[in-house]
Amino acid sequence: MAVLEEPIKGVPLVKNYINGEWVESKGEVKDVVNPAKYETIGKVPISTREEIDAAVKAAQEAFPDWRRTTPVARARYVFRLKQLLEEHFEEVSRVQTQEHGKTIDESRGETRRGTENVEVACGIPTLQMGYNLEDIATGIDEYLIRNPLGVFGIIGPFNFPFMIPLWSAPYAVATGNCVIVKPSSEDPFSQLKIAELVEEAGFPPGVWNVVNGGRVVVTGMLEHPGIQGIAFVGSTPTAKYIYQKCGETGKRVIAQGGAKNFIVIMPDCNVNATIASLMTSFFGNTGQRCLSGANLLIVGDDGFYKSFMERVADSVSKIVIGYGLDESVQMGPLRDVEKKQRVLGYIDSGIKAGARLMLDGRKFKIRGDYPDTCFLGPSIFEKVTSDMKIAREEIFGPVMSVMRAKNLDEAIDMVNDCDFGNGNAIFTADGKSAREFQYRVVSGNIGINIGIVAPMAFFPFSGMKDSFFGILHTQGKEAVRFFTESKVVIQRWF
Amino acid sequence: MGGNDMKLQTASSVISFARELEGESAGFYEALAEKFAEAKDSFLAFAQENKKYVTQVERAYYGVISDAIEGCFAFDLEAGDYALDTKLAEGAGYADALSQAVKMEEVLVRFYTVAAEQSQALMADVPRAFMLIVRKRNERLAKLKSL
């Protein structure tokens, strides 16, 4: 099958977008690498403290006018952005595949889910409404207004370079705030493209800024008194750190961390549909997502287990690996060599701990002529126990750890024994089992016959335990609450 | 792509394959329209409808594709099973052309039916778009047989 055309040509230098201008950073630059071809496709700056300060200043200066722009007018800017994203849907999807490595289906899915957040934010005149009560006492009325706060920092991860900043940014600006987005320096082109469309949509200078870089930019955001809050998605240790720092500096914070998701299989499940879901759940995005299945927990006797796992292994062994711009490819590479090494370390750890490597992802075939540098095949471990590292830590790669439970009660206990609580799921045809799972499992997102429990834009992206630090979540109404403060007015006229 | 032994497993490859089949089929009807004036309008209308089907399928796909559905694992089709014979034999008459069109439409109906069945629980609105085309194509088959 033909490989789709790549949208990023040459080796462009990524610029910052500050105050409506494309500004070259004075910081060092590093390579942006297409992991499938292992070739440099761009250069990204590691911006300086002065540059993040300049972005904050621009955003602060833009805020008063933007805040006074009516919600209806702000919604129209957001609507123009939504329209432009639709017009550039295929281009931005291919950018994601080229810079991240995911398959084109996955990139298009990411584009759709990101754009849905922009779509939901178009409803801000309704979403931002407060409420009121006439005559709280005779002749006295009380009402609540949701005020924007100022400037927010939005820090995106490498695994969803397009979508994740859109869980926050559209709501922030639609409610009248200004934002500074820091994309992952590993794959900055998606946010660069969004910023180009923001510019084309005509947002006033300073409302939406993009500053590329690393730790200096993040620290600059955390320490800057002009930033009111941070929305972050990344690893659990960093999420914890950001949560603590925001507590110290009095900032609002959404800090989404890592995960170790269990997929519980009951013997009454629809096997065909379940197996297709497991492929997406465990190996979609090459396992690099916080909603990926990690531990496959099978309830049932030996007969069911054996026949189910034979079918799982058969399907997994047929996964087509290659460059995501080839439409026949089902799994792309890991984002970079270090991530591949990390996953290989976990495979070694599983073997040493005594788990049985049923399918060895270290042996794989790539469709097409591409270097194997960042590629890794899917692995399946059997006989995994709860105390093993591969059962407890987030691998963030294409590794399925298979565990067994005697019954649903034991399965739920095993799920709840995990440090994380992000996206756990059950596959069953029995409503009582499903309800019991939903009721008792401590997890922000629960799937019932759904392998990737990705909340739609009009629902919050929840998380519990070490998967989330904060109170309000990204997306939908909760994002609107996060980006606004409640102002209560009590009025009486003499 | 059409006519080879390639497996179609991802949603994007199936959508591209559908686009290709519709294009081949439209080209066939356009050729028939040039050759057989007696049914020119019908053939051109069929070719036009094919373009509409592509739009409908793409709209369904782009509208619902997300990481919560099984885009990369929803299908198991062999492209070679749905190869279309769109080359009209030299000297073929009107009846031969219609017969070839019927066979082509039957292949297309089979393709969309199987694709819809395979992706029923996995691809949200896409199978519905496929089944709509099956319905329309069955109507077309009836019309072809009446020409």
Side-chain angles (χ1 to χ4, degrees), chain A residues 1-2 4 86 89-90 93 97 102-116 159-160 163 270 272-285 289 291-292 315-316 318-320 324-332 423 445 447 449-457, chain B residues 1-24 54-83 114-127 129-130:
Chain A
M1 190 164 280
L4 300 170
E86 295 290 353
F89 192 100
E90 184 61 15
S93 300
T97 294
K102 61 183 66 189
T103 69
I104 190 64
D105 275 311
E106 289 165 346
S107 293
R108 289 171 184 156
E110 180 173 350
T111 304
R112 174 53 58 214
R113 296 221 307 121
T115 304
E116 279 167 356
N159 60 335
F160 286 92
M163 172 182 73
N270 175 331
N272 285 342
T274 298
I275 288 175
S277 281
L278 296 184
M279 298 304 106
T280 297
S281 177
F282 283 83
F283 304 109
N285 220 32
R289 68 179 157 204
L291 291 173
S292 278
S315 296
V316 176
K318 290 177 183 161
I319 290 176
V320 178
L325 284 178
D326 176 338
E327 290 185 314
S328 70
V329 163
Q330 295 172 295
M331 191 173 94
N445 309 290
N449 298 317
I450 292 286
I452 291 291
V453 200
M456 295 291 285
Chain B
M1 181 167 69
N4 62 25
D5 293 330
M6 183 168 284
K7 258 197 178 301
L8 304 170
Q9 295 173 299
T10 67
S12 58
S13 65
V14 170
I15 301 300
S16 289
F17 187 64
R19 190 186 302 123
E20 194 169 316
L21 292 180
E22 294 293 354
E24 285 177 27
V54 172
T55 305
Q56 284 170 348
V57 166
E58 286 182 340
R59 196 170 285 158
Y61 165 68
Y62 280 105
V64 300
I65 185 74
S66 97
D67 57 358
I69 59 176
E70 289 75 8
C72 289
F73 300 94
F75 300 94
D76 188 15
L77 298 161
E78 286 287 349
D81 292 346
Y82 305 99
V114 175
E117 278 167 10
Q118 288 188 358
S119 58
Q120 196 62 53
L122 305 172
M123 282 299 295
D125 295 347
V126 176
F130 288 163

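Because the structure is a prediction, the values reported are computed rather than measured. Note: hydrogens, waters and symmetry copies are ignored here, and every other heavy atom, side chains too, is used. The sequence lines fix the lettering, A, B, ..., with proteins before strands; numbering per chain opens at 1.
- With a 4.5 Å cut-off on side-chain heavy atoms, A:E106 and B:C72 count as touching.
- By the 4.5 Å heavy-atom criterion applied to side chains, A:I319 and B:F73 are counted as neighbours.
- With respect to chain B, the highest number of heavy-atom pairs below 4.5 Å among A:K318, A:R289, A:M331, A:M163 belongs to A:R289.
- Residues B:Y62 and A:E86 bring no donor and acceptor atom of their side chains to less than 3.5 Å of each other.
- The CD1 atom of A:I104 sits 9.5 Å away from atom OG of B:S16, with the distance rounded to the nearest 0.5 Å.
- Interface remark: A:V453 contributes no atoms to any contact with chain B (heavy atom separation under 4.5 Å).
- Between the side chains of B:E70 and A:S277, a donor-acceptor pair is found at a separation under 3.5 Å.
- Put simply, the residue from A:D105, A:T103, A:D326 that forms a side chain to side chain donor-acceptor pair (under 3.5 Å) with B:S12 is A:D105.
- Considering A:R108, A:R113, A:E110 in turn, A:R113 is the only one that fulfils the side-chain contact (heavy atoms from CB on, under 4.5 Å) rule with B:S66.
- Two residues are said to be in side-chain contact when any heavy atoms from C-beta on lie closer than 4.5 Å; B:T10 and A:Q330 meet this criterion.
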